[in-house]
Peer 1: 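Starting off with a structure, shown below.
We count residues from 1, following the sequence as given. Everything numeric here is computed off the predicted structure, so don't read it as measured data. Values reported hereafter were calculated over all heavy atoms of this structure, with side chains retained and with hydrogens, waters and symmetry mates removed.
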Amino acid sequence: MAEEKKVLMGLNTAELKDVARQLGMPAFTGSQMARWLYDRHVESIDEMTNLSKANRELLSQHYEVGAMKPIDCQRSKDGTIKYLFPVRTTDLSSQASKFVETVFIPDDDRATLCVSCQVGCKMNCLFCQTGKQGFHGQLTAADILNQIYALPERQQLTNIVFMGQGEPMDNLDAVLKVTQLLTDKDGYAWSPKRITVSSVGVRGKLKRFLDESDCHVAISLHSPLHEQRLSLMPAEKAMPIAETVALLKQYDFTHQRRCSFEYICFGGLNDSLAHGREIVKLVKGLECRVNLIRFHEIPDVDLPGADEQRMEQLRDFLTRNGVFTTIRASRGQDIYAACGLLSTAKQNEELTHTPI
């Protein structure tokens with residue numbers, strides 16, 4: 001049986017040097033491979049032309065670049081594109097999707113990519129379609145990075161948000177490895193301020209992320225009230241929002257690093273000025289911003305849609321009281337690419353959208 005080839009994409013320079021040494025090549029060959037991967041974005045080892053032919057052949061016996069193009073896409077009337085990417089991870093249940101969804105969002109001089117980090121999600125937030133899919137497996141660093149590496153619009157990207165399928169802190173090792181590759185001088189050499197990682201708040205993992213990364217953090221808030229947030233987000237039981245905010249207050253967000261709160265508005269449920277007052281009390285002393293998001297209805301979930309006027313009143317109230325607040329524009333709703341709508345639960349159905 002032929003040896004299953006390992007993947008180079010997702011390895012950092014130190015790991016690529018180890019690959020070189022293990023195959024009897026000079027260590028500097030690892031640095032060459034890093035440049036071919038993260039600067040040139042080659043699709044095959046044969047393209048690494050400053051490696052000798054013998055070394056390329058040897059490397060190809062055991063490794064491949066590992067880039068996999070999206071197999072499907074849907075295009076929104078607002079310009080948003082949702083891609084379906086295959087994943088290699090073996091950490092999947094037998095019934096699991098072998099795909100994840102990734103959303104490209106162009107906006108004037110900005111272009112944001114919303115990447116996924118898990119197949120499904122354990123958090124089971126009431127308002128999120130991904131949670132209804134259940135949890136089926138962790139993506140490897142290569143699986144996550146491939147959503148960037150193989151993106152047709154990769155060169156247009158200005159920002160990346162880890163707000164797709166899955167809870168980033170629940171797959172922290174892989175997420176940290178990708179953010180480190182994105183910001184490392186031998187990787188993509190991006191500024192950390194171009195990257196935002198979201199979380200519902202996971203005990204221990206959020207602190208580790210804050211300690212080990214300089215990327216922005218976005219916390220899923222959705223209610224400042226413990227009982228109400230618990231009814232929407234089971235994760236509130238393990239790490240209450242008050243505890244999450246207390247942890248955040250131990251870190252400095254007064255310079256380039258930013259802390260934000262994502263707040264989906266449900267009409268008449270969590271969009272009152274009373275909720276606004278509780279938000280102000282909760283985040284007092286923390287440099288942060290709040291992003292209000294319209295609720296997008298999902299099947300079998302009895303939650304009310306947002307009222308535009310009440311959202312504006314809440315935004316204005318929070319801003320007047322020192323909490324900078326915006327209403328996020330809803331993008332890609334017609335292709336189920338907006339906040340809370342990503343899911344590959346039906347991935348085994350025949351693909352009927354635009355082929356790549």
Side-chain angles (χ1 to χ4, degrees), residues 5-19 30-31 33-45 47-48 63-71 81-92 97-104 111-119 137-192 194-198 209 212-216 342 344 356:
K5 292 184 180 182
K6 300 175 184 177
V7 172
L8 294 175
M9 186 181 59
L11 299 183
N12 59 33
T13 301
E15 291 168 325
L16 291 168
K17 287 181 177 180
D18 285 340
V19 167
S31 297
M33 286 189 280
R35 285 192 290 274
W36 283 112
L37 289 168
Y38 306 125
D39 185 36
R40 303 288 185 87
H41 285 84
V42 297
E43 296 183 7
S44 72
I45 290 170
E47 295 176 64
M48 300 181 180
Y63 288 88
E64 59 185 334
V65 169
M68 298 186 294
K69 295 180 179 180
I71 63 168
I81 306 173
K82 183 171 71 172
Y83 287 106
L84 187 67
F85 277 98
V87 296
R88 274 195 178 84
T89 180
T90 57
D91 181 25
L92 291 170
S97 164
K98 297 295 192 297
F99 310 98
V100 291
E101 292 183 328
T102 306
V103 182
F104 174 72
T112 300
L113 187 69
C114 180
V115 301
S116 296
C117 61
Q118 295 178 317
V119 178
Q138 306 280 21
L139 298 192
T140 64
D143 288 326
I144 298 172
L145 187 62
N146 184 65
Q147 298 167 65
I148 303 162
Y149 196 102
L151 183 78
E153 297 83 6
R154 183 192 66 247
Q155 293 188 351
Q156 299 176 36
L157 290 179
T158 61
N159 299 86
I160 291 173
V161 295
F162 285 74
M163 295 182 182
Q165 293 171 256
E167 162 59 47
M169 302 302 155
D170 194 43
N171 191 13
L172 185 56
D173 286 342
V175 168
L176 279 175
K177 188 168 188 182
V178 173
T179 59
Q180 288 160 1
L181 277 169
L182 290 171
T183 57
D184 189 88
K185 64 179 178 60
D186 292 327
Y188 282 69
W190 276 32
S191 165
R194 296 173 65 180
I195 304 166
T196 301
V197 180
S198 71
F209 171 78
E212 296 184 22
S213 174
D214 292 323
C215 296
H216 299 322
L342 297 186
T344 50
I356 303 302

Peer 1: Please tell me whether Q118 and D170 have a donor and an acceptor in their side chains that are separated by less than 3.5 angstrom.
Peer 2: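 A pair is found: one side chain offers a donor N or O, the other an acceptor, under 3.5 Å apart.
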Peer 1: Check G10 against E15 and note the closest heavy-atom contact, atom names and distance.
Peer 2: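 Shortest heavy-atom separation between G10 and E15 comes out as O-OE1, 4.2 Å.
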Peer 1: Just by distance, do the side chain of T102 and the backbone of Y83 share a donor-acceptor pair under 3.5 Å?
Peer 2: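 No, T102 side chain to Y83 backbone: no donor-acceptor pair under 3.5 Å.
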Peer 1: Passes side-chain contact (heavy atoms from CB on, under 4.5 Å), T179 versus L176? Steps please.
Peer 2: CA-CA 5 Å; T179 59; L176 279 175; 4.2 Å; yes
Peer 1: Report yes if the side chains of Q147 and L139 come closer than 4.5 Å at any heavy-atom pair, otherwise no.
Peer 2: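 Result yes, sub-4.5 Å side-chain heavy-atom pair found.
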Peer 1: Find the distance between CD (E43) and CE (M68) and round it off to the nearest 0.5 Å.
Peer 2: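 E43 CD to M68 CE: 12.5 Å, rounded to 0.5 Å.
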Peer 1: CD1/I148 to CG/L182 distance, rounded to the nearest 0.5 angstrom?
Peer 2: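 One gets 4.5 Å once the value is rounded to the nearest 0.5 Å.
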Peer 1: Could you grab the distance from atom CG of L157 to atom CZ of R194, nearest 0.5 Å is fine?
Peer 2: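 With rounding to 0.5 Å, CG (L157) is 8.0 Å from CZ (R194).
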Peer 1: Going by an N to O cut-off under 4.0 Å, is there a salt bridge joining R88 and E64?
Peer 2: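 Salt bridge between R88 and E64, a charged N being under 4.0 Å from a carboxylate O: yes.
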Peer 1: Determine yes or no for a side-chain-to-main-chain donor-acceptor pair under 3.5 angstrom, with S198 supplying the side chain and F162 the backbone.
Peer 2: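 Looks like yes, one N/O pair under 3.5 Å.
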Peer 1: Mind checking whether P192 and H216 have side chains closer than 4.5 Å, heavy atoms only?
Peer 2: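 No; the side chains remain at least 4.5 Å from each other.
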Peer 1: One pair to check against side-chain contact (heavy atoms from CB on, under 4.5 Å): T140 and K177. What are the steps and the verdict?
Peer 2: CA-CA 10 Å; T140 64; K177 188 168 188 182; over 6 Å; no
Peer 1: Give the minimum heavy-atom separation between N146 and F85, together with the two atoms involved.
Peer 2: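 The pair with the smallest heavy-atom distance is ND2-CD2, 3.6 Å.
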Peer 1: Is the shortest heavy-atom distance from the side chain of R154 to the side chain of H41 under 4.5 Å?
Peer 2: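 Yes, close enough: below the 4.5 Å cut-off.
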Peer 1: Would D214 and T183 count as a side-chain contact (heavy atoms from CB on, under 4.5 Å) here? Give the steps.
Peer 2: CA-CA 9 Å; D214 292 323; T183 57; over 6 Å; no
Peer 1: Atom NZ in K98, atom CG in D143: separation rounded to 0.5 Å?
Peer 2: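 Going from the NZ atom of K98 to the CG atom of D143 covers 11.5 Å.
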Peer 1: Between Y63 and K5, which heavy-atom pair has the shortest distance, and what is it?
Peer 2: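 Closest heavy-atom pair between Y63 and K5: O-CD, 3.7 Å.
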Peer 1: Decide side-chain contact (heavy atoms from CB on, under 4.5 Å) for T196 and N159; before the verdict, give the C-alpha distance in whole Å, the side-chain angles of both, and the deciding distance to 0.1 Å.
Peer 2: CA-CA 8 Å; T196 301; N159 299 86; over 6 Å; no
Peer 1: If you compare all heavy atoms of I144 against all heavy atoms of A174, which two are closest, and at what distance to 0.1 Å?
Peer 2: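 Taking I144 first and A174 second, the nearest heavy atoms are CD1-CB, 4.0 Å.
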Peer 1: Answer yes or no: is there a donor N or O on one side and an acceptor on the other, between the side chain of Q165 and the main chain of E101, under 3.5 Å?
Peer 2: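 Answer holds: yes.
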Peer 1: So, taking the atom named CG in L113 and the one named CD1 in I81, what distance separates them when rounded to the nearest 0.5 Å?
Peer 2: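 Rounded to the nearest 0.5 Å, the CG-CD1 separation comes out at 10.5 Å.
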Peer 1: In this structure, which one of L16, T13, L11 forms a side-chain contact (heavy atoms from CB on, under 4.5 Å) with L37?
Peer 2: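 Running side-chain contact (heavy atoms from CB on, under 4.5 Å) over L16, T13, L11 with L37 returns exactly one hit, L16.
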Peer 1: Check whether any side-chain heavy atom of L84 sits under 4.5 Å from a side-chain heavy atom of P70, and report yes or no.
Peer 2: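 Result no, sub-4.5 Å side-chain heavy-atom pair not found.
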Peer 1: Give, for atom CE of M33 and atom OH of Y38, the distance between the pair rounded to the nearest 0.5 Å.
Peer 2: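 Going from the CE atom of M33 to the OH atom of Y38 covers 10.0 Å.
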Peer 1: Search all heavy atoms of W36 against all heavy atoms of Y149 and return the closest pair with its distance.
Peer 2: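 In this case the closest contact between W36 and Y149 is O-OH, 4.3 Å.
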Peer 1: Looking only at heavy atoms, which two atoms of D184 and D186 are closest? And how far apart?
Peer 2: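 Where D184 meets D186 most closely, the heavy atoms are OD2-N, 2.7 Å.
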